[in-house]
**Q** 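Handing you this structure, nothing more for now.
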Amino acid sequence: MRAKSIFLKRLGAMALAAGIVFGALAANMQPVSAAAKFKVADKKYEKTYKQDNGQVYFEAKGVFPEIKSNSKAAKKINQELKKAKTEWIKQSKEKASGSNVTPLPSMNASDEISYEVTSNDGKYFSVLMSGYDYQGGAHGMPYRIALTFNAKTGEKLTAAKLFGTTKAKLNAKVRNLYLKKYDTEGVEAGFYEGFASDKSDRDALKDNLAPMDFNNAFYVKDGKVVFYANPYDLGPYAAGYIEVSAPVK
């Protein structure tokens, strides 16, 4: 009986130890079961264009993202990121070939772009590329290239797909968000003031919003889809990008 009792005690101790070890292993395995964040590296591009006398007249500089992973999702995302980079390089070459800007000692014509990963949570991978195109004059023109993906599959997403709706309903939703922003903040949000002499500022805003498509003019950040309107679309240049947002699951 005593031998049996000792055996049972040892068996219980072994079971307890096994439970502790299994619990520790399970705890350590939890982050692995969740979708991992991507590691992202910079891919740089620089090209300087010169006149016959050696004077620089146009510069193209870009920093682009590349995911460092061999997963199927990463490969699909990298293909789209590479397409965006290739298209940007093509356009920069076209701008250089068509540039008639007289070079200045301190300011040449240029096109520069960089990026920010706004979401990398294992669910959505969203990149906002911000560029600045200067072709002479008082100032250049900022622009954006925004790309959002399903991090698990690598599928490129539109805003309509994110919300599970149609493009028409998506745009109607975003237009209402802008009108609500106007109702709350008015011209202080950057909207045009006195834009149309025969209409109220709100009605003029509705007219400006009517033809706009926000299906690809967005990025994901902090659990929200952020939509943006380019400078001059809804407000003066000084207002920059006027944004509205909506939560996404």
Side-chain angles (χ1 to χ4, degrees), residues 62-65 76-77 79-88 90-92 95 111-121 123-133 139-151 154-185 187 189-192 195 202 204-249:
V63 183
F64 303 88
K76 288 182 68 174
I77 295 172
Q79 285 177 354
E80 292 297 327
L81 296 176
K82 187 176 181 180
K83 282 182 185 178
K85 177 185 175 182
T86 301
E87 180 61 26
W88 182 88
K90 177 185 174 183
Q91 291 183 11
S92 71
K95 290 174 185 177
D111 193 356
E112 298 188 26
I113 192 169
S114 59
Y115 75 91
E116 174 190 359
V117 176
T118 58
S119 182
N120 187 14
D121 58 4
K123 187 173 183 180
Y124 299 115
F125 183 77
S126 191
V127 177
L128 179 63
M129 302 183 198
S130 300
Y132 188 77
D133 179 22
H139 59 73
M141 189 66 184
Y143 62 90
R144 286 175 168 178
I145 302 170
L147 299 169
T148 296
F149 305 88
N150 180 319
E155 179 188 9
K156 184 180 175 182
L157 300 172
T158 63
K161 188 128 191 174
L162 263 173
F163 286 101
T165 187
T166 64
K167 182 178 174 180
K169 289 181 179 179
L170 180 280
N171 281 320
K173 174 185 177 72
V174 179
R175 289 170 192 141
N176 284 332
L177 288 173
Y178 273 104
L179 291 173
K180 287 180 180 178
K181 187 179 184 76
Y182 179 86
D183 292 338
T184 303
E185 304 176 40
V187 295
F191 297 113
Y192 283 119
F195 182 69
R202 193 180 192 280
L205 173 61
K206 286 182 69 175
D207 289 345
N208 284 359
L209 284 167
M212 293 179 66
D213 182 7
F214 296 95
N215 202 29
N216 290 296
F218 75 95
Y219 58 93
V220 176
K221 188 172 185 178
D222 298 330
K224 294 181 179 180
V225 177
V226 183
F227 299 94
Y228 59 86
N230 294 317
Y232 292 125
D233 285 349
L234 301 178
Y237 179 86
Y241 295 93
I242 302 178
E243 300 181 334
V244 294
S245 63
V248 64
K249 294 181 180 180

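Counting begins at 1 with the first residue of the sequence.
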**Q** Taking the inter-plane angle between the rings of Phe227 and Phe214 on a 0 to 90° scale, is it parallel (under 30°), tilted (30 to 60°) or perpendicular (over 60°)?
**A**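 Perpendicular: the ring planes of Phe227 and Phe214 meet at over 60°.
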**Q** Heavy atoms, side chains only, cut-off 4.5 Å: are Lys181 and Phe191 in contact?
**A**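 The answer is yes, as the side chains (C-beta and beyond) meet within the 4.5 Å cut-off.
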**Q** Using the side-chain contact (heavy atoms from CB on, under 4.5 Å) definition, which of the options Tyr192, Tyr182, Tyr178 pairs with Leu234?
**A**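 Among the candidates, only Tyr178 passes.
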**Q** Is NZ or CZ of Lys221 both nearer than 6.0 Å to the six-membered ring centre of Tyr228 and within 45° of the ring axis?
**A**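 Cation-pi check for Lys221 and Tyr228: fails.
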**Q** Does a side-chain heavy-atom distance below 4.5 Å link Asn208 with Phe195?
**A**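 Asn208 vs Phe195: side chains touch.
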**Q** Within a strict 4.5 Å, meaning less than it, do heavy atoms of the Val225 and Tyr124 side chains meet?
**A**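 No, their side chains stay 4.5 Å or more apart.
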**Q** Which residue pairs satisfy the side-chain hydrogen bond (donor to acceptor under 3.5 Å, both in side chains) criterion with at least one member in residues 168-177, sequence neighbours excluded?
**A**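 Of all non-adjacent pairs touching residues 168-177, those that pass side-chain hydrogen bond (donor to acceptor under 3.5 Å, both in side chains) are Asn171-Asp213.
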**Q** Are Tyr237 and Pro142 side-chain neighbours, meaning at least one heavy-atom pair lies under 4.5 Å?
**A**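 Touching, per the 4.5 Å side-chain cut-off.
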**Q** As an exercise, state the distance from CD1 of Ile113 to CH2 of Trp88, rounded to the nearest 0.5 Å.
**A**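 CH2 of Trp88 is found 6.5 Å from CD1 of Ile113.
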**Q** Kindly give the heavy-atom pair with the smallest separation between Val127 and Thr118, and that separation in Å.
**A**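 Distance-wise, the nearest heavy atoms are N-OG1, 4.4 Å.
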**Q** I'd like to know if the side chain of Ser245 reaches the main chain of Lys224, judged simply by a donor and an acceptor atom lying under 3.5 Å from each other, with no hydrogens or angles considered.
**A**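 It does not hold such a pair.
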**Q** Looking at Ala160 and Leu170, what are the two nearest heavy atoms and their distance?
**A**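 Looks like N-CG, 3.8 Å.
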**Q** Is Lys161 close to Thr148 at the side-chain level, that is, under 4.5 Å between some pair of heavy atoms?
**A**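 Counting from C-beta outward, Thr148 and Lys161 never come under 4.5 Å.
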**Q** Any side-chain heavy atom of Phe125 within less than 4.5 Å of one from Val117?
**A**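 Side chain of Phe125 against side chain of Val117, heavy atoms only: contact under 4.5 Å found.
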**Q** What I'd like to find out is whether the side chain of Lys82 reaches to under 4.5 Å of the side chain of Gln79, using heavy atoms alone.
**A**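 The answer is no; the side chains never approach within 4.5 Å.
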**Q** Side chains of Glu243 and Tyr219: closer than 4.5 Å at any heavy-atom pair?
**A**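 SC-SC contact between Glu243 and Tyr219 confirmed.
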**Q** Between the main-chain N or O of Leu179 and the side-chain N or O of Lys206, is there a donor-acceptor pair closer than 3.5 Å?
**A**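 Checked: no pair found.
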